[in-house]
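Have a look at the structure below, then the notes.
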Amino acid sequence: MCGVREMKLDQSRAPLYEAMREHRLNRVVPFDVPGHKGGRGNRTLTEFLGENCLKNDVNSMKPLDNLCHPVSVIKQAQELAADAFGAENSVFIVNGATGAVQAMIMSLCKAGDKIILPRNVHRSAINALVVCGAIPVYVNPGVNGRLGIPLGMTPEEVERAVVANPEAKAVLVNNPTYYGICSDLKKIVEIAHRHGLKVLCDEVHGTHFYFGEGLPISGMAAGADMSAVSVHKTGGSLTQSALLLLGKGINPDYVRQIINLTQTTSASYLLMASLDLARQNLAINGREFYAKTLENVNYARGEINAAGGYYAFGSELCDGGAFYGFDGTKLSVHTRAMGLAGIEVYDLLRDEYGIQIEFGDIGNILAIITGGDRTLEIERLISALSEIKRLYGRSPVGLYDHEYINPTVDMPPQAAFYAERETLPIESTAGRICSEFVMCYPPGIPILAPGERITADILDYISFAKEKGCSLTGCRDMRVEFLDVVK
């Protein structure tokens, strides 16, 4: 479990925010971009976002540093973030944790290199393989039969993959999965390091592991080499802002070069300042904030389970194996037992009750609750779920009973994505090799990825997801009536 760590630097400072505030007070005349000139050039946008927002939307300049080559206030802000998160170094990312995940992989893997990872990774990880040409060695996650969801990787499965692929460069671990499930990260790190591999953590949904008590261990505390942290999800920064955390032995200057291959040269100061202020707030108030988060989620979980029909699952399912740990801040709720797909509950909550949750899939929903939610709103969610059960509950007969299908990988993702293609009606593609992605978003875990064999089970899953209203993305045909396959 995570414990709160002593920090070495003055975490009350926010150097980038302070420099931006001083820049505004200096009333510098802007003959640079952006062209809206502090909002004067677009009054509608200014009215929509607010005058302060537009005046703080500035460009790189010497007093405000440059994210591509930080030497002053951005560098100081990144050092404070590294200290707060227990990392050796940190890098601000302004194209989301997608950019951080891809930078991790591309920093360690070149074309033809192998990387060991679970198949239930976010699309960003497989996209990185398409770009850099690395070869995936998938460790199929365990599956919980009752919930139908993919779990984590066991250390034993990871070690088997490492021994079978001694030339692999790294192991990537979800910490946690979208549903809140954690692998035995510390043991996996020990195995990988013993065999000379680096460990990368996708902690897109795990910012709170670094500051809360009674939560699963964070990547840096477990000794991982790199970690992608989506601070905006549960840490309070603006959407699209993230951190890439680096451990000892990772060259931060080389990683910066990799990031600069794809990240914008016009980094948003609104996003970066939000990271600076979110880190400051988490370092000072994170322990109390996440204690309140756990209190809110535990209350909601108890009330939902007491009402019956649903199953808001938690740490009672931890088994020391593929379901090694659970993130107690996740309100993951199984819906299939009362006859509704998760996406159906998701749609009903939004359309009939004015409640927007994080996602609904074939058999589950996820609601993100934090210390910033109010009791009245949590009660509203609980009441709405009870009403949905009463009004719409039915027999689960005929519902799809699993979220994960073990893939058959016949080609590397890059080779399949860039191969000569042909487009076929989706119902005619069984047995062919897919050359594009198909996924429900959110959560963005591919049902099919380039290089994987299309099976009847996969086509049934896609058909059911479409029927129930899942948002299917990733392929060229927006209606998902046709698929591109390798010719």
Side-chain angles (χ1 to χ4, degrees), residues 119-124 126-127 143 147-150 177-179 310 332-353 355-367 388 392-409 413 416-417 421-486:
R119 177 53 180 75
N120 59 324
V121 290
H122 188 263
R123 64 175 294 178
S124 58
I126 303 178
N127 282 345
V143 175
L147 306 176
I149 61 173
T177 70
Y178 222 129
Y179 301 98
Y310 302 95
S332 299
V333 183
H334 187 59
T335 65
R336 193 177 62 241
M338 62 161 205
L340 290 176
I343 187 62
E344 292 177 304
V345 177
Y346 171 99
D347 287 340
L348 285 166
L349 283 170
R350 184 194 60 245
D351 297 342
E352 302 296 330
Y353 298 90
I355 296 172
Q356 181 64 55
I357 59 172
E358 178 66 11
F359 84 90
D361 55 26
I362 300 301
N364 302 274
I365 59 171
L366 173 66
I388 289 171
Y392 300 97
R394 54 183 181 260
S395 168
V397 173
L399 290 183
Y400 214 82
D401 65 355
H402 56 282
E403 301 285 347
Y404 177 75
I405 301 169
N406 289 343
T408 299
V409 182
F417 186 83
R421 305 178 177 195
E422 63 177 320
T423 303
L424 297 175
I426 190 169
E427 64 272 11
S428 303
T429 59
R432 302 296 295 270
I433 298 172
C434 191
S435 63
E436 57 182 346
F437 289 93
V438 182
M439 71 201 80
C440 296
Y441 189 85
I445 298 167
I447 302 166
L448 273 171
E452 295 177 0
R453 183 75 58 180
I454 302 167
T455 66
D457 195 13
I458 288 170
L459 294 178
D460 286 345
Y461 184 101
I462 292 171
S463 176
F464 185 83
K466 287 172 65 177
E467 176 190 333
K468 291 300 181 182
C470 290
S471 178
L472 289 168
T473 67
C475 51
R476 284 202 297 171
D477 176 25
M478 302 290 281
R479 294 174 176 267
V480 199
E481 293 172 350
F482 295 86
L483 275 184
D484 283 359
V485 297
V486 175

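Positions are given from 1 along the sequence.
The shortest non-hydrogen separation linking C470 to I362 is SG-CD1, 4.2 Å. Summarising the geometry of L399 relative to A341, their closest heavy-atom pair is CD1-N, 4.2 Å, with the distance given to 0.1 Å. Listed here is the closest heavy atom pair of A416 and S435: O-CB, 3.2 Å. Across every non-hydrogen atom of S332 and L366, the tightest pair is OG-CD1, 3.5 Å. Heavy atoms only, all atoms of each residue included: G342 and I365 are closest at O-CG2, 3.2 Å. E436 approaches R476 most closely through the heavy-atom pair OE1-N, 2.8 Å.
D361 has its side chain within reach of Y179: a pair of non-hydrogen atoms, C-beta onward, lies under 4.5 Å apart.
For Y404 and Y461, the ring centers are positioned 6.0 Å apart or more.
Between the CZ atom in R421 and the CG atom in L483 there is a gap of 10.5 Å [rounded to 0.5 Å]. Within the model, atoms OG of S428 and CZ of F482 stand 9.0 Å from one another, a figure rounded to the nearest 0.5 Å. For the atom pair CD1 of I388 and CE of M338, the computed distance is 6.5 Å after rounding to the nearest 0.5 Å. Considering OG1 of T177 and CD1 of I149, their distance stands at 6.5 Å, rounded to 0.5 Å. To the nearest 0.5 Å, the span separating CD1 on I462 from OG1 on T429 amounts to 7.0 Å. Atoms OG1 and CG, from T335 and L348 in turn, are 10.5 Å apart once rounded to the nearest 0.5 Å.
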Side chains of residues 441-458: which donor-acceptor partners sit under 3.5 Å, not counting sequence neighbours?
| from | atom 1 | to | atom 2 | distance (Å) |
| --- | --- | --- | --- | --- |
| E452 | OE1 | R119 | NH2 | 3.0 |
| E452 | OE1 | A449 | N | 3.2 |
| E452 | OE2 | R119 | NE | 2.7 |
| E452 | OE2 | R119 | NH2 | 3.3 |
| R453 | NE | D410 | OD2 | 2.6 |
| R453 | NH1 | G431 | O | 2.4 |
| R453 | NH2 | D410 | OD2 | 2.7 |
| T455 | OG1 | I458 | N | 3.2 |
| D457 | OD1 | Y400 | OH | 2.5 |

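In this structure, a donor-acceptor pair under 3.5 Å is absent between the side chains of Y178 and N364.
For R123 (side chain) and M439 (main-chain N/O), no donor-acceptor pair under 3.5 Å exists by modelled atom type. Listed for the T423 side chain is no donor-acceptor partner under 3.5 Å among the backbone atoms of D484. Without hydrogens or angle criteria, R432 side chain to V486 main chain gives a donor-acceptor distance under 3.5 Å.
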Pair L472-C440, side chain to side chain contact (heavy atoms under 4.5 Å, CB included): steps then yes or no:
CA-CA 5 Å; L472 289 168; C440 296; 3.6 Å; yes
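Results of the salt bridge (Lys or Arg N to Asp or Glu O under 4.0 Å) test with E344 over K468, R336, R350 single out K468 as the only residue that passes.
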